[in-house]
Amino acid sequence: MDNNATELLVPLKIAHGLHARPAAMLANAAKAHKGAVTISCNGKTVNAKSVVALMGLGTHFGDNLAIHIEGDGAEATGDTLMDLVLSGLGDPIADAPAPEAELPEKKEDKPAESKPQGDALPAFAPGADAVVTGRSAVGGFAAGPVTRRVSATADLKKDGDGAETERARLASARAAVIARLTNSADGSPLNPVAAAHRDIVDDPALIEAAEAGIAAGRSAEWAWNEACREQAEALATMADARMAERAADMRDIAGQVIAELSGKGATPGLAALPAGSIVLADEILPSEMLGLSAGHIAAILMRDGGPTSHAAILAAGLGIPTIVAIGSDADRIPDGAPVIIDAKAGSLTVYPDDAAFAEALSKVAAQAEKRETLRAAAKRDCYLADGARIEVFANLGHSGEGTLAVSEGAEGCGLLRTEFLFLDRATAPSEEEQLAEYQTIADELGGKPLIIRLFDAGGDKPMPYLPLPAEDNPFLGLRGIRVGLAKPELLHAQIRAILRVKPYGVARIMVPMVASVSEVEAVRALVEEESRKLGREAPIEVGAMIETPAAAVTAAQLARVCDFFSIGTNDLTQYTLAMDRGNPAVAKDVDALHPGVLGLIRMTAEGAASDRRTVAVCGGAASDPVAAPILVGLGVTELSVAPAMIPEIKGLLETLTLEQCRALAEKALKADSAAQVRTLDKGSATA
Ligand code: PEP
Ligand code: MG
């Protein structure tokens, strides 16, 4: 090996191996190096600058990556890549491989006795009343006729018009798709997916494979399709469901570039279908969901696909009931066939009897009417039935969501999870980059308050550009503001970016994972220092998240140094019950309605009252219709909830009085368990 080359062997300690996000992070870091970077594993050696090739390595937890770097700065790049891999590349460091992944069933896999094979069987017909099952991806109820979406597998011209022409056609089609993906900040929460797709369209291994096809005389569309198809097939056979589901992304990318090459431009997405459509397709691709608003599509049914596919994640964000992996029975559902969908159970009835269908349609109509009434009413500020003011804000994690939240009735943003804005980055976002994101969201909110949480790194949120030492108990180690204060460069840049958001007064600073008064004082000192340097005289509010029992118990002391509190019930619950919020073994008991957690919320409200600080809840309990009235009864005056839940939460609170909520809270505090709290009747509160 010469002086300008280095070789390292680094163990991979992430449960799912190099799936799309860590692969993108690693490839981006490798791209920053001018010379060649290759990674060998499982008998294959690939270009480390290619996300697609890295995913294709089929790595698993515990694999050793042999990284080979050539050219100037090889050693420094080696250090960077090693730190990145050792810090988990954006995934949590695991102790063991992910449990055996359950792949979505495909028609070929289904045992004959449990389900008839579709190909040989005729289409369902009126009178069938057939129950078809798949896997639930997003729960919900829907009924209506099915709209079949036929995937446009265009007849591709095989032979090209000369390598030079075809190469140029491919380059300009790719550039057009990249431009479209870059400009897709259109109010839908698709941006992280669009960013991942942009990386794939620009992937050196895919381009190389397509250009080899072109050199062999193929047309640009044929060569690109083949390159994507090969990768999709390789991914689809992987044992890890997350990887297998990325095959859909490859097919999506193939289709987008081919549509561009054919001169048709982007295929119209689901947003172009009539409102209320129930869409049935082999697979819905993420790009088809671009520009979709909540409530436009009534349900999505997929023959293939998995519950963690990008399309399913996007559907969840928009609250669209979705069933995936229906298998060959999906082929038997004719276009226009009436169906009743129970997406939570993962089942649908095709050609139900007339009475059942009529009943389901009226249930859907009633649901839609209720939702529309609630949405219309949610435009107003929220008051309880007796006139007490409760603010209902939205939790946001991406630009674009601000517009969606306002259209659902958000009165502001009570929690911007800033670490979500820069998830796919290998390097820390600069002050300017942060300001651009924060300002975009502030603009989307149109002057409504924007509570920006300082980076909440550590625990379940590793940040690759802030490598933290491996810890036995990451949830009890360097987390939240402890990280910020230990590594202050990023904190300085973030505070400066927040201080620069215009107009002054809109943005507020929220400190995560506070355990002591001194942490808030330290942040305040930094805020004052940076305000001075920026020449900003306008004050800015600084509040604490109440997520540790210590913060709840010492709320009165904290109230003296904070402008507001926001209770993070997700963490407060895990720390109070000593139950890991991400551990499936205890998942059913991790409930914020445990009277022990409610007691700490009461203490927080009492502590805040001494200095008249507002108390909000921005954890998951705020979005829970059973919990919301209890929180209000405990003294909470602001709820920050998932955007899609705003109309329901506002609608519910407007029917209750403060006295009812307080009576309910008293009963909840005296209950034996969260389960018992869940059985309390709001109506009985006055009894
Ligand atoms: C919480 O802990 O309740 C919270 C809102 O923060 P996060 O879920 O981002 O940890
Ligand atoms: Mg938290």
Exercise. What's the spacing between R524 CZ and C562 SG if we round to 0.5 Å?
Worked result: 6.5 Å
For this session: Output, in order, the C-alpha distance, side-chain angles, deciding distance and verdict of side chain to side chain contact (heavy atoms under 4.5 Å, CB included) for L593 and V597.
Result: CA-CA 7 Å; L593 287 182; V597 181; over 6 Å; no
Exercise. For the side chain of E547 and the backbone of M513, is there at least one donor-acceptor N/O pair under 3.5 Å apart?
Worked result: yes
Exercise. At what distance, to the nearest 0.5 angstrom, does CG of L653 lie from CD of E648?
Worked result: 10.5 Å
Exercise. T576 versus H594: any side-chain heavy-atom pair under 4.5 Å?
Worked result: no
Exercise. How many angstroms lie between atom CD1 of I498 and atom CD1 of I451, to the nearest 0.5 angstrom?
Worked result: 11.5 Å
Problem set entry | Under 3.5 Å: donor-acceptor pair, side chain of E419, backbone of D456 | yes
For this session: Check whether any side-chain N or O of Q676 sits under 3.5 Å from a backbone N or O of D672 as a donor-acceptor pair, and report yes or no.
Result: yes
Problem set entry | Flag side-chain contact, heavy atom, 4.5 Å: K344 against F141 | no
Exercise. Taking the side chain from R453 and the backbone from P512, do they hold a donor-acceptor pair closer than 3.5 Å?
Worked result: no
Problem set entry | NZ or CZ of R389 within 45° of Y383 ring axis and under 6.0 Å | yes
Problem set entry | Side chains of L396 and I441 in contact at under 4.5 Å (non-hydrogen atoms) | yes
For this session: Return yes if some donor-acceptor pair links the side-chain N/O of D386 with the main-chain N/O of A388 below 3.5 Å, else return no.
Result: yes
Exercise. Can you check whether T655 reaches L384 side chain to side chain, under 4.5 Å on heavy atoms?
Worked result: no
Problem set entry | Working for side chain to side chain contact (heavy atoms under 4.5 Å, CB included), residues T418 and Y438 | CA-CA 9 Å; T418 51; Y438 306 154; 3.6 Å; yes
Exercise. Could you walk me through whether L415 and M510 pass the side chain to side chain contact (heavy atoms under 4.5 Å, CB included) check?
Worked result: CA-CA 8 Å; L415 166 64; M510 184 151 80; 3.6 Å; yes
Problem set entry | Expected output: side-chain E372 to main-chain E369 donor-acceptor under 3.5 Å | no
Exercise. Does any non-hydrogen side-chain atom of I601 lie less than 4.5 Å from one of T569?
Worked result: yes
Exercise. Hey, does the side chain of E401 reach the backbone of H398 with a donor-acceptor pair shorter than 3.5 angstrom?
Worked result: yes
Exercise. Ignoring hydrogens and geometry, is there a side-chain-to-backbone donor-acceptor pair from T604 to R602 under 3.5 Å?
Worked result: no
Compile the donor-acceptor pairs under 3.5 Å between side chains in residues 635-645 and protein atoms, sequence neighbours left out, one pair per line.
residue : atom : partner : partner atom : Å
S640    : OG   : A394    : O            : 3.2
S640    : OG   : N395    : OD1          : 2.6
S640    : OG   : G414    : N            : 3.2

Problem set entry | Sub-4.5 Å side-chain heavy-atom contact between L600 and P549 | yes
Exercise. So do D304 and I326 actually touch side chain to side chain, heavy atoms under 4.5 Å?
Worked result: no
Give every donor-acceptor pair under 3.5 Å between a side-chain atom in residues 375-382 and any protein atom, sequence neighbours left out.
residue : atom : partner : partner atom : Å
R375    : NE   : E408    : OE2          : 3.1
R375    : NH2  : S407    : O            : 3.4
R375    : NH2  : E408    : OE2          : 2.9
K379    : NZ   : S407    : O            : 2.7

For this session: Check the pair F565, L558 against side chain to side chain contact (heavy atoms under 4.5 Å, CB included), reporting the backbone distance first and the verdict last.
Result: CA-CA 9 Å; F565 288 155; L558 281 168; 3.8 Å; yes
For this session: Kindly compute the distance separating CG (N570) from SG (C618), expressed to the nearest 0.5 Å.
Result: 8.0 Å
For this session: Please round to the nearest 0.5 Å and tell me the distance separating atom CG of L598 and atom CD1 of I630.
Result: 6.0 Å
Problem set entry | Taking every non-hydrogen atom, the tightest pair across I323 and D342 | CD1-O, 4.3 Å
Exercise. How many angstroms lie between CD in E654 and CD1 in I390, if you round to the nearest 0.5 Å?
Worked result: 11.0 Å
For this session: Would you mind reporting whether Q574 and M579 have side-chain heavy atoms less than 4.5 Å apart?
Result: no
Exercise. Hey, is the main chain of A515 close enough, under 3.5 Å, to the side chain of E519 for a donor-acceptor pair?
Worked result: yes
Exercise. Is the side chain of K13 donor-acceptor paired with the backbone N or O of G62 at a distance under 3.5 Å, no angle test?
Worked result: no
